[in-house]
Amino acid sequence: MSRYNAQAVEPKWQKAWDDAGVFEARRNPDQPKYYVLEMFPYPSGALHMGHVRNYTMGDVVARYKAAQGFAVLHPMGWDAFGLPAENAAMERKVHPGDWTYQNIDTMRGQFKALGLSIDWSREFATCDPEYYGQQQALFIDMMNAGLVARKTAVVNWDPVDMTVLANEQVENGRGWRSGAVVERKELTQWFFRISDMADELLDAIDTLEDWPEKVRLMQANWIGKSRGLELPFQLSTPLPGHDSVLCYTTRPDTLRGASFIAISPDHPLSRALEAENADLAAFNTECRRTGTSEEALEKAEKRGFDTGLTVKHPVFADQTLPVWVGNFVLMDYGSGAVFGCPAHDQRDLDFARKYDLPVANAFHMPGETADVGTEALVPPKTETVDYVDHFAGITTTTGQEAIDATIDWMEAKGLGTGQTKFRLRDWGVSRQRYWGCPIPVIHCDACGVVPERKENLPIELPKDVTFDRPGNPLDWHPTFRDCTCPSCGGAARRETDTMDTFVDSSWYYARFTAPRATTPTEADDVAYWMNVDQYIGGVEHAILHLLYSRFFARAMQRTGHLPKDAVEPFNALFTQGMVTHETYSTPGPSGSRIWHSPDQVIRTEEGATLANGSAVEVGPIIKMSKSKKNVVDPKDIVAQYGADTARWFVMSDSPPERDVEWTAAGADAAWKHLQRVWRLADEVSQSADDPSTSEGEEALSLRRLTHRTIKDMTSDIEDFAFNKAVARLYELTGAIAKAKPSPARREAMLIMARLMTPVTPHLAEEIWQHLGQEGLISQAPWPVADESLLVVSEIVMPVQINGKRRAELSVPADATKEQVEEMALADATVQKYLDGQTVRKLIVVPGRIVNVVV
RNA sequence: GCGGACGUGGCGAAAUCGGUAGACGCAACGGACUUAAAAUCCGUUUUCCGUAUGGAAGUGUGGGUUCGAGUCCCACCGUCCGCACCA
């Protein structure tokens with residue numbers, strides 16, 4: 001008997017599938033379609049185990065649905081624009097395009113070695129002019145449909161490198177390359193008007209029934225619809241152009257406790273005062289050094305600057321409040337100004353204590369009167385509280401009712417207006433970088449900003465660029481930058497900003513339905529294939545990528561590129577966990593750690609050492625990352641064990657939504673199991689099955705298990721419970737191993753091969769052929785369980801006495817409640833425990849449990 | 001800081017509706033085969049007490065609801081993800 005040789009077998013079947021065109025998606029109106037898509041990868045240079053897991057999940061679904069008779073679309077492409085290519089260009093003097101396409105070639109090879117059922121004829125990269133040219137056409141259509149805006153936005157500016165930095169390029173307020181202190185800078189930028197669709201995107205979350213609840217919640221919170229009050233506070237002494245400060249609050253019921261006004265450093269009033277007040281100017285400059293990310297702003301120590309101005313309380317005319325500039329007030333949200341109510345907001349309270357501002361409760365918990373000390377009183381809005389001297393006469397009610405009543409009262413008095421606001425901001429898409437999709441507009445002195453003509457698309461990135469001077473090479477590339485105005489024909493300048501790479505990934509799913517079309521999409525193809533039936537990817541994309549994709553589908557629908565019913569592009573979403581690994585390190589110079597990759601480390605029960613015997617500290621199990629070197633290269637695993645082993649491992653044990661830890665022992669175990677299956681298949685192929693053995697009880701119980709496995713595994717795959725599906729295959733393998741040669745055993749083996757096909761397709765093909773079956777198992781239908789083998793006549797029920805399990809009871813499956821009660825009380829063990837005590841209550845849950853309460 | 005999740009044996013986990021906690025796998029231990037090893041096969045394996053029949057405890061911690069809680073409720077602890085220019 002030969003050992004199963006994955007290295008020889010796998011390429012053979014991959015070629016057979018290619019030759020037969022098994023995975024080419026074909027439109028067939030007589031067949032139901034199924035579109036399964038995994039989030040496409042960034043071509044970083046090598047596949048990692050996270051990819052293997054993600055794409056194997058998709059492959060299991062794709063192969064399973066194909067076996068169920070669906071016309072399956074399962075494409076692959078590359079999210080190919082982005083910063084790493086420019087970093088590589090700077091560090092290694094390679095062109096971003098060359099670097100990217102080389103990486104794609106490497107990774108495509110790794111993908112193919114995994115035996116995924118992908119229709120490679122549809123492959124594209126977002127940096128192909130064929131793709132991004134269509135994206136430019138979409139941009140122009142969106143401009144014409146009023147979905148694009150131009151306005152200012154704040155960016156991280158590195159004054160040494162003279163370039164805009166991404167948030168991740170800012171480390172402790174300094175540029176990662178130059179080390180210069182980062183400044184905030186305002187630039188005029190392009191935006192998609194996603195906030196106009198905020199309400200629609202929020203409401204439609206309810207229709208996303210097959211999305212994880214947590215993702216829907218995160219999206220809803222991100223959009224952040226709130227009803228509040230916008231109210232002006234009159235300045236005690238008006239300034240030219242400023243006679244009041246407009247504040248927005250979601251808690252107008254706390255207006256009594258207002259003790260100060262805080263405005264953003266970028267608020268027009270703050271900017272006006274800056275000119276006269278050098279100290280304020282210095283404070284504001286300092287504030288602008290904080291990063292632009294919300295996280296950085298929120299985490300920064302809360303600081304303020306007293307402007308010396310005061311405003312009148314809108315209700316209590318005798319009260320005045322000081323106006324402060326606060327580094328924690330966002331200019332982007334609401335009106336850039338808030339009133340501080342320290343008693344009912346922890347941040348305001350910290351601020352008030354720090355600057356010695358008054359603290360007054362607007363309400364207390366029922367029955368209490370003590371004012372707040374160091375902890376703000378912030379009960380849920382649904383809770384009933386006692387209001388203190390509320391101006392609208394509110395006494396005891398819930399926060400929500402008080403908010404509504406206050407808004408009504410303020411509106412009636414003309415003191416403010418109820419406003420619905422969203423946290424969601426417009427989507428800024430301008431990037432001052434080379435390696436992205438050029439924005440297809442032209443700046444003309446005579447005509448202003450005009451879109452490029454579609455017949456001139458694609459606006460291609462020029463190849464002849466270098467990265468030896470800081471900034472965007474497009475800015476000083478004469479033949480790219482200088483152009484003629486499509487409107488008047490005069491000399492003009494091309495926009496040199498490129499698009500956010502999130503734009504590229506916001507419509508690729510639609511492009512896969514007709515990747516070579518000369519328009520962004522093709523009507524018949526999108527009508528047939530859209531929507532994506534199952535989308536699979538990392539939970540880190542739960543908000544931005546998915547929200548932008550939902551926006552884009554709507555935008556494409558409005559501009560005629562998607563059918564009416566395709567506004568929600570992903571019918572079902574699955575978010576998978578990460579692949580993790582232990583970390584290994586030794587002490588480095590000055591307290592730092594030197595990280596070691598798993599293949600340099602010898603791991604034992606007690607600990608770990610390097611090859612030279614020096615001790616290695618075993619660190620926490622974290623997401624595989626290059627910086628910590630805790631990566632296992634799928635290439636090595638495939639070379640050592642074969643693709644099926646890697647696929648089997650990542651699908652077994654851990655539930656797919658949870659993180660999985662890669663261990664060498666686990667990989668080895670997976671390989672051993674597949675070898676065992678092959679040995680059993682070989683045994684079956686050599687045996688002459690005696691038909692008379694099929695009559696016996698042993699054969700019948702194997703058949704029962706086989707058909708039970710079909711049924712359970714089918715529902716496990718439908719539920720994305722791949723780890724449970726794998727466990728059932730282990731169980732069936734064990735049963736086949738124990739069985740004697742019989743037609744039942746042969747049936748079990750053939751059915752198991754079919755059930756294994758989605759996970760280990762190469763091994764399944766080899767077994768199929770070895771057992772003399774015709775055709776490819778990849779094209780064989782999914783097995784159907786024989787229902788008559790699934791019925792059970794007798795079940796075992798546990799019997800509890802006062803909630804503790806004391807006995808087991810074997811009862812006919814169709815026994816009535818009364819019969820079970822009778823049998824339970826008659827049971828000898830039960831009698832022993834009852835010991836003559838009175839039965840107070842008898843609970844029988846049919847098919848489940850009996851509980852006797854004494 | 002804000003938003004979202006997760007926590008069960010030595011390890012990865014299972015437990016579909018509130019109904020036998022630990023299926024299945026890894027590791028470990030014992031045995032068979034072998035001159036030996038590897039490979040393979042069989043068995044044991046939540047913890048504690050007990051020779052055993054058996055008993056007690058047990059799902060991050062502390063409370064609560066229930067005949068019955070890993071599952072529901074409240075509080076706390078720990079870990080992870082996102083925060084708009086990383087993808």
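Here is how names work: the chains are called A, B, and so on, in the same order as the sequence lines, proteins then strands, and each is numbered from 1. In what follows, every heavy atom counts, from backbone to side chain, and hydrogens, waters and symmetry copies are set aside. Quick caveat: nothing in here was measured; it's all calculated off a predicted structure.
Residue A:E294 has its side chain nearest to B:C83 when only B:U40, B:C86, B:C83 are considered. In this structure, the nucleotide among B:C67, B:C26, B:A39 sitting nearest to the side chain of A:I843 is B:C67. Of the candidate nucleotides B:G19, B:A87, B:C26, B:A87 has the atom nearest to the side chain of A:F502. Of the candidate nucleotides B:C67, B:C24, B:U20, B:C67 has the atom nearest to the side chain of A:N851. The side chain of A:Q189 approaches B:C85 more closely than any other nucleotide in the set B:C85, B:A14, B:C26.
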Response to the item:
Whether each nucleotide of nucleotides 4-12 of chain B has a protein heavy atom under 4.0 Å at its base (B), only at its sugar-phosphate (S) or at neither (-) is summarised, 5' to 3', as SS-S----B

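Counting distance only, with no hydrogens placed and no angle test, the side-chain atoms of A:E295 and the base atoms of B:C2 include no donor-acceptor pair under 3.5 Å. Side chain A:R433 to base B:C85: a donor-acceptor pair is found below 3.5 Å.
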Practice prompt. Convert the base pairs of RNA chain B into dot-bracket notation, remembering that pairs crossing earlier ones are written with [ ] and that bases paired across to another strand are shown as |; include only Watson-Crick or G-U pairs under 3.5 Å.
Written response: (((((((..(((......[....))).(((((.......))))).((((....))))..(((((..]....))))))))))))....

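Nucleic acid contact class of A:R806 (heavy atoms, under 4.0 Å, all strands): sugar-phosphate only. If you check every strand for non-hydrogen atoms under 4.0 Å, A:L424 touches a base. Residue contacts shown for A:H541 include a base, since a base heavy atom lies under 4.0 Å away. Within 4.0 Å of A:A669, counting heavy atoms only, lie sugar-phosphate atoms of the nucleic acid but no base atom. Looking at heavy-atom distances under 4.0 Å, A:Q169 makes no contact with the nucleic acid at all. Among the heavy atoms of the strands, none lies under 4.0 Å from A:K302.
For NZ of A:K302, the number of neighbouring non-hydrogen atoms (other residues, nucleotides, ligands) closer than 6.0 Å is greater than 12. Residue A:M162 qualifies as open at atom CE: its count of foreign heavy atoms under 6.0 Å is 12 or below. More than 12 heavy atoms of other residues, nucleotides or ligands shown are found within 6.0 angstrom of NZ on A:K354.
Taking the centre of each ring, A:F192 and A:F552 come in below the 6.0 Å mark. Aromatic ring centroids of A:F328 and A:F351 lie under 6.0 Å apart.
At B:A84, none of the side-chain N or O atoms of A:R425 fall inside 4.0 Å of OP1 or OP2 (strictly under the cut-off). Between B:A84 and A:N167, a contact under 4.0 Å exists linking OP1 or OP2 to a side-chain N or O. Remark: A:K804 is not in phosphate contact with B:A21, judged by side-chain N or O atoms under 4.0 Å from OP1 or OP2.
Of the candidates A:W78, A:Y535, A:Y508, A:Y508 is the only one forming a ring-ring contact (aromatic ring centres under 6.0 Å, His included) with A:F40.
Both A:K841 and A:Q800 lie close to RNA chain B; mapped to their nearest nucleotides by heavy-atom distance, the more 5′-ward contact belongs to A:Q800. Both A:L544 and A:D79 lie close to RNA chain B; mapped to their nearest nucleotides by heavy-atom distance, the more 5′-ward contact belongs to A:L544.
A salt bridge links A:E294 to A:R423: at least one charged side-chain nitrogen sits closer than 4.0 Å to a carboxylate oxygen.
For A:F574, the ring pair (Phe, Tyr, Trp, His ring centres under 6.0 Å) test picks out A:F720, with sequence neighbours left out. Scored by the side-chain hydrogen bond (donor to acceptor under 3.5 Å, both in side chains) test, A:K151 finds A:D426 as partners (sequence neighbours excluded).
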Could you go over nucleotides 15-17 of chain B and give all protein N or O partners under 3.5 Å, atom names and distances?
residue : atom : partner : partner atom : Å
B:A15   : OP1  : A:K724  : NZ           : 2.4

N/O-N/O pairs, protein side and nucleotides 41-44 of chain B side, under 3.5 Å:
residue : atom : partner : partner atom : Å
B:C41   : OP1  : A:R676  : NE           : 2.9

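Atom P of nucleotide B:C2 and atom CZ of A:F328 are separated by 14 Å, given to the nearest angstrom.
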